Q: 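Shown below is the structure under consideration.
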2 protein chains.
Amino acid sequence: MKIGELAKHAGCTAETIRFYERTGLLPKTSRTAGNYRFYDESHLERLRLVRNCRALGMALGEIRALLAATSDPHADCATVDQLLEAHIGHVAARLAELAHLQEQLLVLRARCHDGTQAVRDCGIIQALNGTPDICHLM
Amino acid sequence: MKIGELAKHAGCTAETIRFYERTGLLPKTSRTAGNYRFYDESHLERLRLVRNCRALGMALGEIRALLAATSDPHADCATVDQLLEAHIGHVAARLAELAHLQEQLLVLRARCHDGTQAVRDCGIIQALNGTPDICHLM
DNA sequence: CTTGACCCTGAAGTTACTACAGAGTGTCTA
DNA sequence: TAGACACTCTGTAGTAACTTCAGGGTCAAG
């Protein structure tokens, strides 16, 4: 199949595939007489792995490591496990950060009650003008 | 004060401040005889507002809008409220996304029990090789 | 007068793509 | 057979929010 069809099957664009090839995430593939890239099922499988990992929020570097750990099908999957574990840790950390942010934002919102006061008297702006220690909001 | 001191007070680097100036988030300031930027308390206040907003996860574009809404201290703060409300929405959406991701990652992890099997038999890799609809994991 | 800490500018690197511009290829229809 | 149209090619530049670097200048202390 050509790049457009591969893209459709993988749920991404042709540009993305060319980008992955350029950066070594996908191997260079064969070309037709007209210099079009030509793909088969194995390419689709690899691309799907990459796209699934991206959908799970992994960075391309993490995926590269995962592909390396997968390259020998007889190797054990301890490395894969570790990479996944590390990524779960990243996501958990980001989740905690965001939850904390959201909490602060809700407190901040509560400081302005009707939106009709002058900006300089608004509790939101006053809080945002404070020291970087945003915790004084609480 | 000079840029290094301002940076220290605001909890960022001098490069960040120069970047904010270049992109119009901070005004161009006066210079000393030796061409050093020179700042006072009002600059610090504005920079803190910017950094606080960044700490709350706002994009520079959002902050630019907020600064514009704040520029007239007699205007009412309805616009400020709206901007904050929109940002709270963004964070909530991102939180929901991340929570969903984390759920999928935990399911994925459960598919490999001991890390000693061959990569090609590993449930993790099998799942990652599937269709982009990662929900088949569940 | 030299050392070291600080500052200056301008350009390039980072991530993961996306969006061109300008050209060639392939198929279908008139 | 010619034209229209969809698709593909390469290479470059743009995005966000900085960070890093090269190659300088400034200033106070010893």
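Per chain, numbering begins at 1; letters A, B, ... match sequence-line order. All of these numbers come straight from a predicted model, not from anything done at the bench.
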Q: Taking only residues two or more places apart in sequence, or in another chain, which ones meet B:Arg46 in a salt bridge (Lys or Arg N to Asp or Glu O under 4.0 Å)?
A: none
Q: Going by an N to O cut-off under 4.0 Å, is there a salt bridge joining A:Lys2 and A:Glu5?
A: no
Q: Could you tell me whether the side chains of A:Asn35 and A:Arg31 share a donor-acceptor contact shorter than 3.5 Å?
A: yes
Q: Taking only the side-chain nitrogens and oxygens of A:Arg37, find out if one of them lies under 4.0 Å from OP1 or OP2 of D:dT8.
A: no
Q: Could you tell me whether the side chain of B:Arg109 reaches within less than 4.5 Å of the side chain of A:Asp81, counting heavy atoms only?
A: no
Q: Less than 4.5 Å apart, any side-chain heavy atom of A:Leu83 and any of A:Met58?
A: no
Q: For B:Ala59, answer base if it contacts any base atom (sugar-phosphate contacts may also be present), sugar-phosphate if it contacts only those atoms, and nothing otherwise; contact means non-hydrogen atoms under 4.0 Å.
A: sugar-phosphate
Q: Quick check for you: to the nearest 0.5 Å, what is the distance between B:Leu25 atom CG and B:Phe19 atom CZ?
A: 8.0 Å
Q: Can you give me the bend angle of the helix from C:dC1-D:dG30 to C:dA30-D:dT1? Use the axis through the first five pairs and the one through the last five, nearest 10 degrees.
A: 30°
Q: Do you know the tightest heavy-atom contact between B:Pro27 and B:Glu21?
A: O-CG, 4.1 Å
Q: Between which nucleotides of DNA chain C, 5' to 3', does chain B make heavy-atom contacts below 4.0 Å?
A: C:dC6 to C:dT9
Q: So if I define the base as every atom that isn't primed, P, OP1 or OP2, how would nucleotides 18-30 of chain D read as a B/S/- string at a heavy-atom cutoff under 4.0 Å?
A: BSB----BBS---
Q: Using the salt bridge (Lys or Arg N to Asp or Glu O under 4.0 Å) criterion, which residues pair with A:Glu45? Sequence neighbours excluded.
A: none
Q: Taking ring pair (Phe, Tyr, Trp, His ring centres under 6.0 Å) as the test, write out the residues that go with B:Tyr39, two or more places apart.
A: B:His43
Q: For B:Leu98 and B:Leu101, what are the C-alpha separation, side-chain angles and deciding distance, and is it a side-chain contact (heavy atoms from CB on, under 4.5 Å)?
A: CA-CA 5 Å; B:Leu98 267 190; B:Leu101 274 189; 3.9 Å; yes
